[in-house]
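Just so it is clear: chains get the letters A, B, ... in the order the sequence lines come, proteins before strands, and each one is counted from 1.
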Amino acid sequence: QLTNKLDQIFRNLTNRGKLTPANIHETLREIRRVLLEADVNYKVAKDFISQVEAEALGEEVISSITPGQKVIKIVHSKLVELLGGSAVSFDIPRREPSKIMLVGLQGSGKTTLAGKLALYLKGKNWSPVLVAADIYRPAAGEQLNILGKSISIPTVVFEPGEKPLETCLRVAREAPRRGWDILIMDTAGRLQIDTVMMAELKQLKNKLTPEKIILVVDSMTGQEAVAVASEFEKELGVDGFALTKLDGDARGGAALSLRAITMKPILFAGVGEKLSQLEPFYPDRMASRILG
Amino acid sequence: VGLNRNIDRDFLDALEEVLITSDLGVKATIEIIEDLQDKVKQSRLRSSEDIYDALKNELKRILIYRDNSPAETRCSPYVVTFVGVNGTGKTTSIAKFAYRLKQSGKRILLVAADTFRAAAQEQLSQWAQRYDITVVNSQAGSDSAAVAFDALEKALAQKYEYVLVDTAGRLHTKSNLMEELKKLNRVMAKKIPGAPHETLLVLDATTGQNGIQQALAFNQALNLTGIFLTKLDGTAKGGIVLAIKKELDIPVKYVGTGEKIEDMVEFDPEEFVEDIFR
Ligand SMILES: Nc1nc2c(ncn2[C@@H]2O[C@H](COP(=O)(O)OP(=O)(O)OP(=O)(O)O)[C@@H](O)[C@H]2O)c(=O)[nH]1
Ligand SMILES: Nc1nc2c(ncn2[C@@H]2O[C@H](COP(=O)(O)OP(=O)(O)OP(=O)(O)O)[C@@H](O)[C@H]2O)c(=O)[nH]1
Ligand SMILES: [Mg+2]
Ligand SMILES: [Mg+2]
C-alpha cells in the first residue's frame with residue numbers, strides 16, 4: 001500500500017535525514033507506478049510527477065517524522081487541484097430552448113446519461129425534452145423512448161429517413177410551443193478518428209449551437225483517454241465531461257488525463273444503471289480513488 | 001522506437017513506454033522487459049533491431065493458445081454465452097458471430113437473455129430480423145435463466161446446431177448480478193449437460209487495467225473459455241489482453257473491428273503484436 005511503500009523508502013535513508021538522489025528517484029517511481037496502475041496516461045503521469053517533485057521533496061517532507069504520509073498528502077492535494085478542486089456547478093443559460101449535446105465513444109453511457117440528465121434537470125425546474133439523434137444503432141430510439149417514459153419526460157425519436165440534424169431542428173422549433181425549455185440530444189457513439197461521424201457532430205454544433213457539449217467517458221478507459229479527449233476537443237470543442245460506471249472498481253485515472261489535456265470540467269459521475277444514479281463529480285473522492 | 005540505437009536505459013524506457021501506452025500495465029511490462037534483459041544477456045543480442053524482434057516474439061508467444069474448448073462437432077447444440085460489463089459490445093458481437101456461422105450454413109438460435117436493459121430485446125431482434133436468424137425473446141423483466149432454459153428446449157427439439165446467448169451487461173463488482181450468471185449456467189447445464197460449451201468475455205479494447213479485474217471475476221464465476229475483444233478499429237491497442245493472458249491464461253479468440261455485421265475476425269497474435277508497434 002502506498003503509505004507503507006514510501007515509509008519504507010524513507011526509513012532506509014543512509015544520510016541523516018538527507019534524501020539521496022536514489023531515494024528521490026525511488027519515491028517518484030513509486031508514485032508514478034500507482035498512477036499508471038490507475039490508468040493515468042503515461043505522459044500525463046510523467047508531467048504530474050515533475051509538477052510534484054519540488055514540493056514532494058522539500059524541507060517540510062525531509063524534516064517530517066512521517067515523510068511518506070507527507071508526500072501522499074502533497075500528491076493527493078495536487079491531484080484534487082488538477083481534477084478541478086471542488087465539485088463544479090452545472091449552470092446552463094436559458095435560451096428558449098437551451099440545448100445539451102451528448103457525445104462520445106460507443107457504449108460509454110450516453111443514452112443512459114441523457115435519461116439521467118433529464119431527470120436531474122426536471123428536479124431543477126427545467127422542462128426537458130429528450131431527442132433521440134442516433135439513427136444507426138438498432139433500437140437506439142426505442143431505448144431512449146423507454147427511458148423517457150420511465151421518468152415521464154417527453155421523448156422525440158427521429159422519423160424514418162430523417163437525419164439527426166433535421167430531428168434536432170424540428171424539436172428545437174417546436175419546443176417553445178410545447179413548453180420545453182431544454183433539449184437533451186443523444187447522439188450515436190463514434191470513434192474520434194471517424195471523420196465522417198465527427199463531421200456530423202460539427203454540423204449539429206454549427207446549426208444548433210448547443211449551450212453544453214458533454215463528452216461521455218467510461219471510467220474504465222485506459223491510456224487512450226488522452227487521444228479521445230484531445231481529438232473531440234480539437235475537432236468539436238467540449239464544454240465538459242461525464243464519467244460513467246463509477247459504481248465499478250475501475251480506479252478512473254482517465255479522469256486526470258481528461259483534465260490535464262483539456263482543462264475542461266468533469267461535470268457528472270454516473271454511478272449506476274438507474275436514472276437516479278447521477279452525482280456531481282467530486283475531485284477529492286476521485287483523487288483518493290486514483291491513489292487506491 | 002528508433003532502431004540501431006544503443007541498448008541502454010533510454011532504449012528500454014522507450015520500449016516500456018510503448019507497452020504501457022498500449023495498456024499492458026506496469027506489472028506485465030516490467031516482467032516482460034526484465035525477461036527481455038535476461039534474454040539479451042544470454043543470447044548476447046547486440047542490435048536494437050534484434051532486441052525489438054525478441055520482444056515482439058515474446059509478446060506473440062504469450063498470446064498464442066491451444067484451443068481447449070470441446071469440439072463443436074461433438075456437441076449439438078453447441079452453446080455459447082456472451083458475458084461482460086456494460087456497453088462492451090456483447091449484443092453486437094453475438095449478432096456478428098451468428099451471421100458468420102450462418103454464412104457457413106449452420107442452424108443458429110439466438111437467445112435474448114438480457115431481460116433487464118431498456119430495448120435490449122428489440123436491439124437483438126432487429127439484428128436477427130435483418131439477417132434472418134431465429135431469436136428467442138421474452139418479456140422485459142422475465143427471468144433470464146428461464147428464457148435460456150426454454151430456448152435450449154427449442155434448440156434440442158428443432159435440432160439447432162448452435163445456441164448463442166446474449167446476457168445483460170453487469171459490473172463484476174455486483175455479486176447479485178454475478179450470481180444471476182452462475183444460476184444461468186446451472187439452469188442451462190440441467191437442460192444440456194456441459195452447456196455452455198463456450199463462455200466468451202466481451203472486452204472493450206479501450207479498457208485499461210480494470211480489464212484484469214473483469215477477467216478475474218468473470219472467470220472465477222463462470223470459467224471463461226475466451227475473450228471477444230471489441231472496438232479494435234479504434235485507436236486503443238487493447239494490450240490489456242496480454243496481461244490477462246499472461247496472468248490468467250485466458251485467450252483472445254475473436255476481434256470486433258467495427259459496427260457492421262461482418263466486422264469480426266479470428267484473433268491473430270501476429271497482426272495484434274505488429275499493431276502495437278505501429
Ligand atoms: N453500472 C453502470 N452502468 C452504466 C452506467 N451508465 C451506463 N451504464 C450501462 O452501460 C451500458 C451502455 O449504456 P448506453 O447508455 O447504451 O451507452 P451509449 O453510449 O449510449 O452506447 P452507444 O449509443 O452504443 O454508443 C448500458 O448497459 C447501461 O445501462 C453507470 O453509470 N453505471
Ligand atoms: N467501433 C466499434 N463499435 C462497436 C464494436 N462492437 C460493438 N460496438 C458498438 O458498441 C456499442 C455497444 O454495443 P452493444 O452491443 O450494445 O454492447 P453491449 O455489451 O451489448 O451493451 P449492454 O448490453 O448495454 O451491456 C454499440 O454502439 C455498438 O455498435 C466494434 O467492434 N467496433
Ligand atoms: Mg446510445
Ligand atoms: Mg447488450
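Looking at B:Gln213, the atoms closer than 4.5 Å to chain A (heavy atoms on both sides) all sit in the side chain, from C-beta outward. Contacts between A:Leu105 and chain B at a heavy-atom distance below 4.5 Å involve the side chain alone, from C-beta outward. Heavy-atom distances place both the backbone and the side chain of B:Lys27 under 4.5 Å from chain A. Contact of B:Gln121 with chain A is not made at all, since no heavy-atom distance falls under 4.5 Å. For A:Glu231, no part sits under 4.5 Å from any heavy atom of chain B, backbone or side chain. The contact between A:Asp247 and chain B is made by backbone and side chain atoms together, counting heavy-atom distances below 4.5 Å. For a residue to count as touching a neighbouring chain, one of its non-hydrogen atoms must lie under 4.5 Å from one of that chain's; by this rule A:Arg251 does not touch chain B.
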Side chain to side chain contact (heavy atoms under 4.5 Å, CB included) between B:Gln209 and A:Met220, worked out: CA-CA 8 Å; B:Gln209 296 312 297; A:Met220 56 180 117; over 6 Å; no
Verdict with reasoning, A:Leu191 to B:Asp233, per side chain to side chain contact (heavy atoms under 4.5 Å, CB included): CA-CA 8 Å; A:Leu191 300 177; B:Asp233 47 313; 3.5 Å; yes
B:Lys237 vs A:Gln223, side chain to side chain contact (heavy atoms under 4.5 Å, CB included): CA-CA, chis, key distance, verdict: CA-CA 9 Å; B:Lys237 300 288 184 177; A:Gln223 295 288 306; over 6 Å; no
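A:Gln143 and B:Gln123 share no side-chain donor-acceptor pair at under 3.5 Å. Defined by atom type and a distance below 3.5 Å, a donor-acceptor pair is present between the side-chain atoms of A:Asp249 and B:Asn210. Donor-acceptor pairing under 3.5 Å is lacking for the side chains of A:Glu224 and B:Thr206.
The OG1 atom of A:Thr111 sits 8.5 Å away from atom CZ of B:Arg117, with the distance rounded to the nearest 0.5 Å. Summarising the geometry, atom OG1 belonging to B:Thr21 is positioned 8.0 Å from atom OH belonging to A:Tyr42; distances are rounded to the nearest 0.5 Å. How far CG of A:Asp218 is from OG1 of B:Thr207: 7.0 Å, rounded to the nearest 0.5 Å. Rounding to the nearest 0.5 Å places CG of A:Asp39 at 7.5 Å from CD1 of B:Ile240. The line from CG of B:Asp204 to OG of A:Ser108 is 9.5 Å long, rounded to the nearest 0.5 Å. A distance of 9.5 Å separates CD1 in B:Ile20 from CD in A:Glu37, rounded to the nearest 0.5 Å.
Nearest heavy-atom pair, B:Thr235 versus A:Ala227, reported as atom, atom and distance to 0.1 Å: OG1-CB, 4.4 Å. The two residues B:Arg130 and A:Pro138 have their closest heavy-atom pair at NH2-CG, 3.8 Å. Here the closest non-hydrogen pair linking B:Ala118 and A:Ile146 is CB-CG2, 3.7 Å.
A:Arg32 has a carboxylate O that lies under 4.0 Å from a charged side-chain N of B:Glu16, or vice versa, which qualifies the two as a salt bridge. A salt bridge links A:Lys43 to B:Glu17: at least one charged side-chain nitrogen sits closer than 4.0 Å to a carboxylate oxygen.
The environment of NZ in B:Lys56 is crowded: more than 12 heavy-atom neighbours from other residues, nucleotides or ligands sit within 6.0 Å. Other residues, nucleotides and ligands contribute at most 12 non-hydrogen atoms within 6.0 Å of the CD atom of B:Gln139.
With hydrogens and angles disregarded, a donor-acceptor distance shorter than 3.5 Å links the side chain of B:Gln126 to the backbone of A:Ala139.
Heavy-atom pairs under 4.5 Å with chain B peak, among A:Lys46, A:Lys245, A:Arg137, at A:Arg137.
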